[in-house]
A.B. asks: 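Okay, here's the structure, questions in a sec.
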Amino acid sequence: MTLKLDNIFENFKNNLIFDDKHVLQSNYNPSVVEHRDEQIEQVASILAPVLRGDHVSNLFIYGKTGTGKTLSIQFVSNELLKRIKEEGGGFKLRIEYINCKLKNVSDTDYRILAELIKKLGGEVPATGLPTSQVANIFMDMLEKEKQILIIVLDEIDHAVEKISDDFLYKLLRLNTELVNSKISIIGISNDLGFLDKLNPRTRSSLSQEEIVFPPYNATQLKDILEKRAERAFKRNILGEGVIAKCAAYIARENGDARRAIDLLRVAGELAEREGIKQIIVRHLDEAKDKIERDKHIDFIKLQPKQFQAVLYAIIDLCDKKKNEPIFTGDIYNEYQELCYKVKLDVLTQRRIGDILSEFEMAGILNVHVVSKGRMGRMREIKLSLPKEIIIKAKEILKESLFY
DNA sequence: CGAGATTCATGTGAAGTATACCTTTAGGCTTAA
DNA sequence: AAGCCTAAAGGTATACTTCACATGAATCTCGTA
């Protein structure tokens, strides 16, 4: 065993590619945020009143993934925290980040409150308590100290289905009930239409201020990548035009800087694994596939059993039907048979319908309702995954369901 | 022939249920004065 | 009498079910040209 570990460590030590790989990992926090000066200034000027211990306006931020929203907020937060620490002021500032998309973690009223309480150092059971009581616990914890809490709710658009408008509104207006402490919400959404889904009074208190983060363009991406690559890789590792290609590709797609950086890292890993001393354009292409694959495979692995069963039924059906379109009813039948085979409880068609919608939300399926006249009305369903991922997914699902 | 009614298979919203978990409370048992 | 433990009662969130009504175009019906 030790021998094996020795090998691994030895290989790692001798790695030819990376100098400091951490720089390319998603939890890396650069000291400078490139090309977001304007946005950072806006965020800063909106959050600045906390320095005087004043209440801060609620803020709504709109921008696609990987446009530096989180990074910018984190940057401003750190600066604020630093200053508060230096100057004191007799109160505490907390900035807590919550991603509302995380299934079974922070995707309902109750769970968001529970998460917040946890971050404040408390503990609440996963179920059993009335939400209002959890809200009270939260307020008590908040009031224990003189502090300002800024809650960053990332991807609220994903949770708005499950989170009641009322909850958001109450959270936004919590200030009126707080004596010692103050609270502000920063909502982040990828979907600008999100605001329209809210009722007007919630909307107006959430978007007291609004900031838009545009996607990075190719030049900016190139710049960002170069800065990171410089620290992450050893000298002369990057092949001709690799960064330019990477930037151009991502810019064309959606300007998601995180993806661009991932791409570069994975390309590096691939080169490392091959034992080659240079990253070339080919690695980028391979990395692209690998990232795509991993993302979906992880998603599928994390799904609950029933969801996996539904997905398996769909994949199986697609195989059988080849290019014919498939509909809800077909899927349900297939799913039922599968359940008998695997000894899984059979859920109702109603529920399966909801599960299908959830898959659609997650971008795994392409669904649209068609009316076939006298033949009824149903959803036509297509898998929106590349072929090779479907094959891999099928294996994984088989494994998970049958054994 | 064409306007309007019918129909089908499911979409979809609302209300109800099962489960797993929580707190409160009352009763019973133990312990110590 | 005070303290502690236990079990029942009463309550909640969440995932799922049940019920009931909504959809929307192909097809049918039937009056009319």
Side-chain angles (χ1 to χ4, degrees), chain A residues 98-118 120 122-141 153 156 158-171 196-199 299-300 302-314 317-318 321 324-340 342-362 364-383 400-401:
Chain A
I98 287 193
N99 187 329
C100 305
K101 201 171 80 173
L102 296 177
K103 204 165 175 178
N104 299 339
V105 178
S106 48
D107 56 353
T108 63
D109 306 1
Y110 185 97
R111 287 173 180 164
I112 287 178
L113 283 169
E115 275 294 291
L116 284 169
I117 290 171
K118 211 157 114 196
L120 292 178
E123 195 69 53
V124 278
T127 164
L129 295 184
T131 307
S132 61
Q133 194 180 331
V134 178
N136 286 337
I137 296 175
F138 171 64
M139 278 180 65
D140 288 347
M141 296 206 60
L153 294 177
I156 5 176
H158 278 275
V160 80
E161 306 271 325
K162 288 191 182 172
I163 299 175
S164 70
D165 243 29
D166 210 42
F167 170 74
L168 256 183
Y169 186 69
K170 280 196 183 129
L171 199 59
D196 298 329
K197 292 186 202 153
L198 300 174
N199 72 39
F299 175 83
I300 290 168
L302 288 174
Q303 292 304 306
K305 270 266 175 332
Q306 289 289 354
F307 283 61
Q308 292 187 339
V310 174
L311 200 56
Y312 186 83
I314 296 171
L317 211 54
C318 280
K321 291 247 184 171
E324 287 170 55
I326 60 176
F327 303 99
T328 323
D330 309 336
I331 292 177
Y332 189 63
N333 293 335
E334 187 78 19
Y335 159 81
Q336 270 181 312
E337 275 179 42
L338 179 65
C339 284
Y340 291 133
V342 202
K343 300 204 174 29
L344 204 62
D345 291 343
V346 182
L347 302 184
T348 41
Q349 185 152 353
R350 177 75 186 78
R351 179 63 185 146
I352 301 304
D354 283 348
I355 292 178
L356 290 174
S357 307
E358 285 194 42
F359 276 138
E360 190 198 8
M361 288 279 287
I364 297 281
L365 296 181
N366 217 317
V367 174
H368 75 278
V369 183
V370 289
S371 181
K372 301 204 141 263
R374 209 137 200 217
M375 305 286 285
R377 219 167 78 99
M378 49 194 108
R379 278 185 286 201
E380 188 180 322
I381 289 153
K382 273 205 310 235
L383 274 165
S400 149
L401 289 168

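These figures come from a predicted structure and were not determined experimentally.
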A.B. asks: Taking all atoms of both residues into account, what is the closest heavy-atom pair of A/Ala362 and A/Phe299, and its distance?
C.D. replies: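 Looking at all heavy atoms of both residues, the closest pair is CB-CZ, 3.5 Å.
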
A.B. asks: Which pair of heavy atoms, one from A/Ala309 and one from A/Leu344, lies closest together, and at what distance?
C.D. replies: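 Residues A/Ala309 and A/Leu344, closest heavy atoms: CB-CD2, 3.8 Å.
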
A.B. asks: In this structure, how many angstroms lie between the P atom of C/dA25 and the CE atom of A/Met378, rounded?
C.D. replies: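 Rounded to the whole Å, the gap is 14 Å.
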
A.B. asks: Counting only side-chain N and O atoms of A/Thr328, is one of them less than 4.0 Å from OP1 or OP2 of B/dA9?
C.D. replies: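 Result: no.
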
A.B. asks: Sequence neighbours left out, what passes side chain to side chain contact (heavy atoms under 4.5 Å, CB included) with A/Glu358? Give chain and number order.
C.D. replies: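 Result, side chain to side chain contact (heavy atoms under 4.5 Å, CB included) vs A/Glu358: A/Lys103, A/Phe307, A/Arg351.
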
A.B. asks: Might you point out which heavy atoms bring A/Ile117 and A/Glu123 nearest each other, and give the distance in Å?
C.D. replies: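 For A/Ile117 versus A/Glu123, the nearest heavy atoms are CG2-N, 3.7 Å.
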
A.B. asks: Between atom CZ in A/Arg379 and atom C1' in C/dG24, what is the gap in whole Å?
C.D. replies: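 Roughly 16 Å, once rounded to whole Å.
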
A.B. asks: Kindly give the heavy-atom pair with the smallest separation between A/Tyr110 and A/Thr131, and that separation in Å.
C.D. replies: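 A/Tyr110 and A/Thr131 have their closest heavy atoms at CD1-OG1, 3.8 Å.
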
A.B. asks: If I take atom CD in residue A/Glu123 and atom P in nucleotide B/dC22, what distance separates them, rounded to the nearest angstrom?
C.D. replies: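 In whole Å, B/dC22 P lies 11 Å from A/Glu123 CD.
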
A.B. asks: Round to the nearest Å and state the distance from A/Asn333 atom CG to B/dT10 atom C1'.
C.D. replies: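 Whole-Å distance recorded here is 13 Å.
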
A.B. asks: Please list, by residue number, the residues of residues 364-374 of chain A whose heavy atoms come closer than 4.0 Å to an atom of DNA chain B; answer none if no residue qualifies.
C.D. replies: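 Here the set is A/Gly373, A/Arg374.
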
A.B. asks: Could you tell me if A/Gln306 and A/Tyr335 have a donor-acceptor pair between their side chains, going purely by distance under 3.5 Å?
C.D. replies: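 There is such a pair (donor and acceptor under 3.5 Å, judged by atom type) between the side chains of A/Tyr335 and A/Gln306.
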
A.B. asks: Rounded to whole angstrom units, what separation is found between the CD atom of A/Glu380 and the C1' atom of C/dG24?
C.D. replies: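 Computing the A/Glu380:CD to C/dG24:C1' distance gives 16 Å.
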
A.B. asks: Taking all heavy atoms of A/Ser106 and all of A/Arg111, pick out the closest pair and write down the distance.
C.D. replies: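 Taking A/Ser106 first and A/Arg111 second, the nearest heavy atoms are CA-CB, 3.9 Å.
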
A.B. asks: In this structure, how many angstroms lie between the P atom of B/dA9 and the CD1 atom of A/Ile326, rounded?
C.D. replies: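 Atom CD1 in A/Ile326 sits about 18 Å away from atom P in B/dA9.
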
A.B. asks: Between atom CD in A/Gln133 and atom P in C/dT12, what is the gap in whole Å?
C.D. replies: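 In whole Å, C/dT12 P and A/Gln133 CD are 10 Å from each other.
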
A.B. asks: Do A/Ser400 and A/Gln303 pass the side-chain contact (heavy atoms from CB on, under 4.5 Å) test, and can you show the C-alpha distance, the side-chain angles, and the key distance before you say yes or no?
C.D. replies: CA-CA 10 Å; A/Ser400 149; A/Gln303 292 304 306; over 6 Å; no

A.B. asks: Taking A/Phe327's backbone N and O only, do any of them form a donor-acceptor pair with A/Asp330's side chain (distance below 3.5 Å, no angle check)?
C.D. replies: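 Checked: pair present.
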
A.B. asks: Assign a letter to each nucleotide of nucleotides 13-23 of chain C from its 5' end: B, base within under 4.0 Å of a protein heavy atom; S, sugar-phosphate only; -, no contact.
C.D. replies: BSSSSB----B

A.B. asks: With nearest nucleotides of DNA chain B determined for A/Gly329 and A/Pro125 from heavy-atom distances, which residue corresponds to the more 5′ nucleotide?
C.D. replies: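 Result of the comparison: A/Gly329.
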
